[in-house]
Amino acid sequence: MTAPKTLYDKIWDAHLIEESEDGTSLIYIDRHLVHEVTSPQAFEGLRMAGRKVRAPDKTIAVPDHNVPTTPDREKGIENEESRIQVEALDRNAREFGIHYYPVNDIRQGIVHIVGPEQGWTLPGMTVVCGDSHTATHGAFGALAHGIGTSEVEHVLATQTLIQKKSKNMKVEITGRLQPGVTAKDVTLAIIGATGTAGGTGHVIEYCGDVIRDLSMEGRMTVCNMAIEGGARAGLIAPDETTFEYIKGRPHAPKGAQWEAAMAWWQTLFTDEDAEFDKVVTLKGEDIAPVVTWGTSPEDVLPITAEVPDPESFEGGKVDAARRALEYMGLKPGQKLTDIEIDTVFIGSCTNGRIEDLRAAAEILKGKKIKEGIRAMVVPGSGLVRAQAEEEGLAQIFIDAGFEWRLAGCSMCLAMNPDQLSPGERCAATSNRNFEGRQGKGGRTHLMSPAMAAAAAITGRLTDVRELM
Amino acid sequence: MEKFTTLTGVAAPLPLINVDTDMIIPKQFLKTIKRSGLGKNLFDEMRYLEDGSENPDFVLNKPAYRNAEILIAGENFGCGSSREHAPWALLDFGIRCIIAPSFADIFYNNCFKNGILPIVLPQEQVDELMREAEKGENARMTVDLENQEITTSEGKTFRFEIDSFKKHCLLEGLDDIALTMARIDSIAEYERNMAQERPWV
């Protein structure tokens with residue numbers, strides 16, 4: 001009898017090439033996703049050392065961070081530095097012979113949306129990308145995490161990483177979610193409970209009935225923000241929902257290979273009695289629609305709450321909260337639902353998938369956004385955009401007063417022209433509310449797509465349940 | 001990569017928790033296709049005022065800390081984005097060592113690839129070093145990686161732990177890729193086995 005293993009243990013073991021006495025290990029990487037911002041120095045390093053990409057067929061590149069999302073983007077990228085970066089990816093992808101979805105390809109989009117959509121991401125794989133939100137792919141039961149540019153170069157050259165195994169952490173969400181509560185609320189509530197460093201050094205496995213009941217889109221939203229909880233990777237064991245999503249996608253296995261893959265995928269779960277180093281349990285019924293009030297994703301409260309008093313915290317958090325309130329222009333005791341917003345951003349690798357657009361459109365149907373509000377929807381990929389147009393969602397957004405954009409990272413990190421001005425306050429479906437994240441001096445409140453849609457209608461942070 | 005053996009220098013206090021990589025190097029500076037030259041934009045939004053002039057209140061703009069080589073910070077330093085531009089910017093400014101109660105994983109890892117030593121110490125010890133750092137130029141500290149020790153200007157020592165492999169690589173200035181290339185036969189064998197076991201990958 002072998003010892004019971006967690007899902008993480010199983011995937012780790014299946015990719016272990018060598019392990020030295022102190023635990024330093026050489027791990028094989030099955031999929032390497034690449035975007036334009038964190039890769040140019042890595043390709044340049046290869047070139048200078050005269051090295052090739054070891055497994056170009058396992059390497060997939062797509063420009064997303066810098067690309068304009070306005071309808072006129074075929075005119076090219078105005079910002080010279082952004083243009084040079086995208087052109088560098090173009091050149092590197094072709095020179096090194098890796099899979100590539102250029103800006104004008106309908107399949108182009110945010111790398112973490114394109115990977116699953118095209119069937120590149122499969123259960124039991126190791127997936128890396130020079131981007132912290134690589135955790136998204138954990139929704140498929142793939143061990144997926146972000147790496148820096150030196151490691152991007154390491155993977156390009158060797159298809160491996162040197163690592164030590166992380167600890168196992170279990171986050172269980174029991175029961176069911178209340179109406180108006182979504183995967184985004186779940187993932188924010190988890191970070192609110194564990195803190196932004198709660199998962200540091202761990203790989204999280206999300207489980208429990210609430211997670212089982214989520215669609216693949218919802219599971220990707222949950223895993224996407226594992227990094228915001230400090231964990232490099234989040235995992236969800238694959239099940240029928242996963243297999244159903246994968247089947248028939250362009251790069252998913254077919255025929256006899258599908259059967260063989262399924263046989264292995266169905267062994268990918270945590271054994272009974274396997275031990276976790278840390279366990280956190282939340283009740284689904286206790287989770288309300290939430291928003292962030294500060295400048296760290298752990299600054300989470302139910303929409304019915306009030307802005308907290310910095311003095312109510314402990315240690316370094318007292319100063320951090322004081323600083324956050326000053327930056328956010330908020331006062332202790334202010335009702336969250338009284339906070340007026342200027343801008344609404346729906347999109348990102350957290351919430352730029354079709355289900356997210358459906359949820360927002362459901363709230364917006366037949367309604368108009370409040371006058372003076374700037375609102376935009378940026379679909380996560382060209383294919384999500386096309387599907388939303390086919391389903392009539394695009395028209396709902398346009399009729400409500402939203403701008404209907406092309407795919408990219410956009411205002412989530414504001415590397416392209418989609419940015420906040422100093423003091424501008426945004427209801428955002430993205431993943432980070434850091435100072436300056438969406439533009440210098442910009443103020444970000446994170447929330448679900450439905451909550452962002454509700455805020456667009458009323459012009460203030462709003463409990464979506466009042467509009468349902 | 002430059003070796004890290006011992007370092008004696010000024011330590012700058014940055015008593016903030018959750019210093020994220022957006023704060024260390026804002027996204028508008030990620031558009032470079034080079035690794036160098038990011039030091040002038042390190043902590044850009046805290047370091048410069050609206051008109052582009054230096055914020056005299058920010059620690060690295062104070063005369064005593066303009067040549068700081070060590071940074072003392074609060075918990076969860078380097079959280080957020082995986083951008084290696086963060087350690088590149090720190091290094092380009094001249095910071096070779098960061099001391100904090102905890103670091104975010106990806107940032108921590110990225111430091112070692114660039115010859116920067118991140119040191120984890122218990123909160124009370126970081127607090128003590130933070131007070132020491134507030135003395136400015138008179139508070140030069142010595143970080144000795146071989147012996148895993150920090151010595152303050154007053155001769156007080158703090159021992160720190162570090163992964164033995166990472167320590168070895170820093171001390172020798174080793175390049176990870178070259179190390180792994182030496183094991184290419186094992187990788188090729190793994191690939192042959194996987195082509196049989198999991199051909200769909």
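We name chains A, B, ... by the order of the sequence lines, and we start the count at 1 in each one.
Salt-bridge annotation for B:K113 and B:E84: absent, with no side-chain N of the basic residue lying under 4.0 Å from a carboxylate O of the acidic one. Ion pair B:D92/B:K40 not flagged as a salt bridge, since none of the NZ, NE, NH1 or NH2 atoms sits closer than 4.0 Å to an Asp/Glu carboxylate oxygen. Ion pairing between a basic and an acidic side chain is recognised when a charged N comes within 4.0 Å of a carboxylate O; B:R192 and B:E189 show no such pairing.
Judged purely by atom type and a 3.5 angstrom limit, B:Q148 uses its side chain to pair as donor or acceptor with the backbone of B:F160. Under the 3.5 Å distance criterion, the side-chain polar atoms of A:N416 are left unmatched by any main-chain donor or acceptor of A:C409. At least one donor-acceptor pair closer than 3.5 Å links the side chain of A:Q41 to the backbone N or O of B:K34. At least one donor-acceptor pair under 3.5 Å links the side chain of A:H154 to the backbone N or O of A:T160.
Heavy atoms of B:P199 lying under 4.5 Å from chain A belong to its backbone as well as its side chain. Only the side chain of B:I17 comes within less than 4.5 Å of a heavy atom in chain A; its backbone stays farther off. Residue A:E44 does not touch chain B at all, counting heavy-atom pairs closer than 4.5 Å. Proximity to chain A involves both the backbone and the side chain of B:F165, based on heavy atoms less than 4.5 angstrom apart. Within the 4.5 angstrom heavy-atom criterion, no atom of B:S102 approaches chain A. In this structure, the portions of B:R35 lying under 4.5 Å from any heavy atom of chain A include both its backbone and its side chain. Heavy atoms closer than 4.5 Å to chain A are found in the backbone of B:F103, but not in its side chain. Only the side chain of B:L16 comes within less than 4.5 Å of a heavy atom in chain A; its backbone stays farther off. Heavy atoms of B:E75 lying under 4.5 Å from chain A are absent altogether. For B:T32, the parts sitting under 4.5 Å from any heavy atom of chain A are the backbone and the side chain alike. For B:K27, the parts sitting under 4.5 Å from any heavy atom of chain A are the backbone and the side chain alike. Both the backbone and the side chain of B:D176 come within less than 4.5 Å of a heavy atom in chain A.
Between chain B and the options A:D319, A:T38, A:L26, A:V152, the largest number of non-hydrogen pairs under 4.5 Å is found for A:L26. Ranked by heavy-atom pairs shorter than 4.5 Å toward chain B, the options A:F43, A:W120, A:F434, A:W258 are led by A:F434. The most heavy-atom pairs under 4.5 Å with chain B, out of A:N431, A:T134, A:D131, come from A:D131. Residue with the most contacts toward chain A among B:G80, B:P26, B:S164: B:G80 (heavy-atom pairs, distance under 4.5 Å). When A:A320, A:A88, A:S39, A:S82 are compared by the number of non-hydrogen pairs under 4.5 Å with chain B, A:S82 comes out ahead. For the set A:H145, A:R51, A:K58, the count of heavy-atom pairs under 4.5 angstrom toward chain B peaks at A:R51. When the candidates A:G130, A:G436, A:A157 are compared by the number of heavy-atom contacts under 4.5 Å with chain B, A:G436 comes out ahead.
Side-chain N/O atoms of B:S82 and A:S132 include no donor and acceptor closer than 3.5 Å.
Checked against the 6.0 Å centroid threshold, A:H112 and A:H133 do not count as a close aromatic pair.
Counting non-hydrogen atoms of neighbouring residues, nucleotides and ligands closer than 6.0 angstrom, the NZ atom of A:K254 exceeds 12 such neighbours. Other residues, nucleotides and ligands contribute more than 12 heavy atoms inside 6.0 Å of the CG atom of A:D13.
Note: B:W200 and A:W264 have tilted aromatic rings, judged against thresholds of 30 and 60 degrees for the angle between ring planes.
Side chains of B:I98 and B:F107 form a contact here, defined as non-hydrogen atoms less than 4.5 Å apart.
Within residues 122-133 of chain B, no residue has any heavy atom less than 4.5 Å from a heavy atom of chain A.
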